[in-house]
Asks: 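For reference, the structure I am asking about is given below.
Because only heavy atoms are used, hydrogens play no part in the values below, and waters and symmetry mates are left out as well, while side chains stay in. All of these numbers come straight from a predicted model, not from anything done at the bench.
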Amino acid sequence: MKFNYVEGKKAEKAEKEEKIEKSEKIEKNTKKGAVADKQGKEEKVYIIPLGGLEEVGKNMTAFQYKDEIVIVDAGLTFPEDEHLGIDVIIPDFTYLENNKDKIKSLLLTHGHEDHIGAIPYLFQKLGSTDITIYGGKLTLELAKAKFEKKDAVIPKMKVVKGRTKLKLSKYFSVEFISVTHSIADCYAICIKAPAGVILHSGDFKVDLTPVDGEGFDFARLSQLGEEGVDLLLSDSTNAAVPGFTPSERSVGESLREEFGKAKGRIIIAAFASHIHRLQQIVDIAQLYNRKIAIDGRSMVKVFDIASRLGYLKFPKNMIVDLQKSDKLAPEKAIILCTGTQGEPLAALSRIANGTHKYISLREGDTVIISATPIPGNEKAVYKNINHLLKKNANVVFEKVVGIHVSGHGCQEEQKIMLSLVKPKFFMPVHGEYMMLKKHKELAVATGVQPDNVILTENGNKVELTKSHCRITGKVQSGMTLIDGFGIGDVGNIVLKDRQNLADDGIVIITVSQYKNGKFNKQIELVTRGFIYNRESENLILETKELIKLELESIETKEIKEISKVKQLLKSKVGEFLYKKTNREPIILPIIMEV
């Protein structure tokens, strides 16, 4: 026994010495690490926003550690007035195309267009379907529906839930954390790499009484905050709005009140992707024994997907065909449609301007617009409202009525996120510069050091280590314009031409040239959008005479190059027409060899 006791004491002493030695090693390594940091050898992960900064929409961020990249979201935005003829706008994927072999996965926070709308274009550009997409069940179904071409190969997709943890690659592991927003299956994403822990909030609000879903996971976010988060990227959409965003349930109460007042048909416009809003509309329609006719391609698609997955619940006989809705008694009918933002071809716009194939406004109709205009859409929205009011419809759209609440957290909710996560460094995302700047102020108020808040822009490479977070470079970024099936084939030059066409029109000059280099003096001149030919015959004749003189000069100088001939004609005719009309139409000379 004595022998065992002595041996035990020796072992205990050896263990203590080993612990001291380990402790000294750790201390030594920490000091080495500090020196390494000074020498620039500390572990680094790069955060590269490709969309969503200093703008609302086309949210996309790449995270790179060594030879691995993971992407969070791939969204689109919609064109503004200057984007003539453009359908949608997506991020510039050049950096990702150049590094496609490094991409390990695409992570989706939720299923809104500004977060998933660019996915098919991204995979088309990368030319690969080996990159796995991770997201909630509804999000992935909405993303899958984006691959509309029959020959499109759908990438691998894996469904996640709140607190799902995944090892994505050699260096990256992630965790999805449930948050509340205006759509189901909405997540913040915690990204772990050897260089640090990053939390991307996605879009969120703090809704304590959500209509459906997993709810806001305070416990896990707080736990992550205790474990240590090096960098938080957080939604800045409502950073300038004080207070809290009301719960989605409050909208249901307001809608119930409006439905109760309506004596005739109810025509209600809502965002197609707002599943919780749609469910409340369905529930209230049931309460008042009304049938629903659905109008709008995106609305029909979402109803199909969400009901199939169990996110939307309603009796089958409740939905009626739009063409047959006219046969319903007015007090039994609801038309649920798209068009909250005044989109010209959306159902509500066609109803408002009287061009809808099946729905004409009647006396006693109540029109409810369950949304607020996105900045830039106000003019189109109010144009619709004016049309509807002129037709004596009862239009409910005022914010004070409570028929819409935002899906984004206001200042107090953003402070809650910051206080739960307690990040060392903070980078506001998803918003215009004013919103990002305001979010910085909120972060500083909650205890983040002012120097630890990074205000950056799309394309900047933000370097994160355990000791610093700073901008260290830039990659190609910007916007890619989608017009029809073309991706990026419409650039600034084409847009400028379209603007010129819209402003001053076009003048087409057709001239025949013989093989000997001489020109036929029969000149054809066609204008579109420039002048009305019948009332401007003298100007047309004068222009033709000028062209004849210029052609004679070209013949005398023996100028043979077609491009040079065209340039001379453009220059001379352009100068002449500007002096006569103070307009600058596009001049298009066509030289035909005969």
Asks: Are Asp212 and His276 close enough that a side-chain donor and a side-chain acceptor fall under 3.5 Å?
Replies: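 No, His276 and Asp212 have no side-chain donor paired with an acceptor closer than 3.5 Å.
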Asks: Tell me if the NZ atom of Lys161 is crowded by more than 12 foreign heavy atoms within 6.0 Å.
Replies: no
Asks: Can you tell me how far the NZ atom of Lys440 sits from the CG atom of Leu442, to the nearest 0.5 Å?
Replies: 12.5 Å
Asks: Does Val429 reach the side chain of Thr61, with side-chain heavy atoms less than 4.5 Å apart?
Replies: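 Val429 vs Thr61: side chains apart.
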Asks: Closer than 3.5 angstrom, by distance alone: can the side chain of Lys205 be matched with the main-chain N or O of Pro246 as a donor-acceptor pair?
Replies: yes
Asks: Between Gln280 (side chain) and Glu248 (backbone), is there a donor-acceptor pair under 3.5 Å?
Replies: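 Side chain of Gln280 to backbone of Glu248: a pair is present.
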Asks: Within a strict 4.5 Å, meaning less than it, do heavy atoms of the Leu199 and Leu221 side chains meet?
Replies: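 They are in side-chain contact.
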Asks: For the aromatic rings, using the six-membered ring if either is Trp, is the centroid distance between His430 and His200 under 6.0 Å?
Replies: yes
Asks: Salt bridge or not between Arg220 and Glu227? Use side-chain N to carboxylate O under 4.0 Å.
Replies: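 Glu227 and Arg220: salt-bridged.
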Asks: Between Glu432 and Lys438, is the closest basic N to carboxylate O distance under 4.0 Å?
Replies: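 Salt bridge flag = no for Glu432 with Lys438.
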Asks: Only one of Asp73, Ile119, Leu126, Ile116 clears side chain to side chain contact (heavy atoms under 4.5 Å, CB included) with Leu106; which?
Replies: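 The passing option is Ile119.
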Asks: Write down the atom of Ile454, the atom of Pro428, and the distance for their closest heavy-atom approach.
Replies: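 Where Ile454 meets Pro428 most closely, the heavy atoms are O-CD, 3.4 Å.
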Asks: Side chains of Ser247 and Thr209: do they bring a donor and an acceptor to under 3.5 Å?
Replies: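 On atom types as modelled, these side chains qualify, holding a pair under 3.5 Å.
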Asks: Minimum heavy-atom separation for Met60 and Pro91, please, with both atom names.
Replies: SD-CG, 3.9 Å
Asks: Gln414 and Thr446: side-chain contact (heavy atoms from CB on, under 4.5 Å), yes or no, with the steps?
Replies: CA-CA 10 Å; Gln414 290 172 345; Thr446 62; over 6 Å; no
Asks: Dump the intermediate steps for salt bridge (charged side-chain N to carboxylate O under 4.0 Å, His left out) on Glu253 and Arg256, then the final yes or no.
Replies: CA-CA 5 Å; Glu253 292 162 13; Arg256 190 179 295 114; 5.8 Å; no
Asks: Sub-3.5 Å donor-acceptor pair from the side chain of Glu68 to the main-chain atoms of Tyr171, do we have one?
Replies: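 Flag set: sc Glu68 to bb Tyr171 pair under 3.5 Å.
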Asks: Using a 4.5 Å cut-off on heavy atoms from C-beta on, say whether the side chain of Leu142 contacts that of Lys146.
Replies: no
Asks: Check the pair Arg249 / Val211 against side-chain contact (heavy atoms from CB on, under 4.5 Å), numbers first and verdict last.
Replies: CA-CA 6 Å; Arg249 282 192 186 273; Val211 173; 4.2 Å; yes
Asks: Between Lys466 and Glu43, is the closest basic N to carboxylate O distance under 4.0 Å?
Replies: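 No, Glu43 and Lys466 are not salt-bridged.
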Asks: Is the NZ atom of Lys437 crowded by more than 12 outside heavy atoms at less than 6.0 Å?
Replies: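 For Lys437, atom NZ is not crowded (no more than 12 foreign heavy atoms under 6.0 Å).
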Asks: If you measure only the distance, is there a donor-acceptor pair under 3.5 Å linking the side chains of Glu42 and Thr465?
Replies: yes
Asks: Short question: side chain of Glu413, backbone of Val206 - any donor-acceptor pair under 3.5 Å?
Replies: yes
Asks: How long is the gap from CD on Glu113 to NZ on Lys58, to the nearest 0.5 Å?
Replies: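 Spacing of CD (Glu113) from NZ (Lys58) equals 15.5 Å.
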Asks: Applying ring pair (Phe, Tyr, Trp, His ring centres under 6.0 Å), run through Phe216 and Phe218 and close with a yes or a no.
Replies: CA-CA 6 Å; Phe216 192 93; Phe218 290 94; 4.7 Å; yes
Asks: Do the rings of His112 and His181 sit parallel, tilted or perpendicular, given the 30° and 60° boundaries?
Replies: perpendicular
Asks: In Å and rounded to the nearest 0.5 Å, what is the CD1 to CD1 distance from Ile48 to Ile71?
Replies: 10.0 Å
Asks: In the structure I gave you, are the side-chain heavy atoms of Leu108 and Met157 within less than 4.5 Å of one another anywhere?
Replies: no
Asks: Quick one: does Asn59's side chain have a donor or acceptor within less than 3.5 Å of a partner on His115's backbone?
Replies: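 Such a contact is absent between Asn59 side chain and His115 backbone.
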Asks: For His408, is there any backbone N or O sitting under 3.5 Å from a side-chain donor or acceptor partner on Thr245?
Replies: yes
Asks: Got a donor-acceptor contact below 3.5 angstrom from the Asp92 side chain to the Thr94 backbone?
Replies: yes
Asks: Kindly give the heavy-atom pair with the smallest separation between Tyr433 and Leu455, and that separation in Å.
Replies: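 So the minimum-distance heavy-atom pair works out to OH-CD1, 3.8 Å.
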Asks: Can Val174 and Tyr134 be said to form a side-chain contact (heavy atoms from CB on, under 4.5 Å), step by step?
Replies: CA-CA 10 Å; Val174 298; Tyr134 295 92; over 6 Å; no
Asks: If you look at every heavy atom in Ser298 and Thr338, which pair is closest and at what distance?
Replies: OG-CG2, 3.4 Å
Asks: Within a strict 4.5 Å, meaning less than it, do heavy atoms of the Val282 and Phe303 side chains meet?
Replies: yes
Asks: Do Ser370 side-chain atoms and Ile403 backbone N/O form a donor-acceptor pair below 3.5 Å?
Replies: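 Flag set: sc Ser370 to bb Ile403 pair under 3.5 Å.
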Asks: Please name the pair of heavy atoms, one in Val405 and one in Ser250, separated by the smallest distance, quoted to 0.1 Å.
Replies: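 Residues Val405 and Ser250, closest heavy atoms: CG1-OG, 3.8 Å.
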Asks: Taking C-beta and beyond as the side chain, do Thr480 and Tyr121 meet within less than 4.5 Å on heavy atoms?
Replies: no
Asks: With rounding to the nearest 0.5 angstrom, report the OG1 to CE distance, Thr237 to Met435.
Replies: 6.5 Å
Asks: Charged N to carboxylate O under 4.0 angstrom, Glu97 versus Lys100?
Replies: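 Looking at Glu97 and Lys100, the cut-off is not met.
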Asks: Hey, is Lys415 close enough to Glu412 for a salt bridge, meaning N to O under 4.0 Å?
Replies: yes
Asks: If you round to the nearest 0.5 Å, how far is SG of Cys186 from CD of Glu214?
Replies: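 Reported to 0.5 Å precision, the distance equals 10.5 Å.
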Asks: Would you compute the distance between atom CZ of Phe147 and atom CZ of Phe123 and round it to the nearest 0.5 angstrom?
Replies: 6.0 Å
Asks: Would the distance check show the side chain of Thr180 and the main-chain N or O of Gly215 forming a donor-acceptor pair, the cut-off being under 3.5 Å?
Replies: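 Not a single qualifying donor-acceptor pair exists.
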Asks: If you count the non-hydrogen atoms of other residues, nucleotides and ligands that lie under 6.0 Å from NZ in Lys379, is the total more than 12?
Replies: no
Asks: Compare all side-chain heavy atoms of Ile482 with those of Leu76 and state whether any distance is below 4.5 angstrom.
Replies: no
Asks: Just do the side-chain contact (heavy atoms from CB on, under 4.5 Å) check on Val72 and Phe63 with the steps written out, would you?
Replies: CA-CA 8 Å; Val72 172; Phe63 298 84; 3.5 Å; yes
Asks: Please answer whether the main-chain N or O of Phe172 pairs with a side-chain N or O of Ser169 as donor and acceptor at a distance below 3.5 Å.
Replies: yes
Asks: Pair Glu141, Lys301 - check salt bridge (charged side-chain N to carboxylate O under 4.0 Å, His left out), show working.
Replies: CA-CA 11 Å; Glu141 282 298 320; Lys301 186 187 289 183; over 6 Å; no
Asks: Under a 3.5 Å threshold, yes or no: a donor from one side chain and an acceptor from the other, between Gln64 and Tyr95?
Replies: yes
Asks: Can you confirm whether Leu224 sits close enough to Val421 that some side-chain heavy atom of one is under 4.5 Å from a side-chain heavy atom of the other?
Replies: no
Asks: Over all heavy atoms of both residues, which pair between Asn458 and Ser477 is shortest? Give the atoms and the distance, please.
Replies: O-OG, 3.1 Å
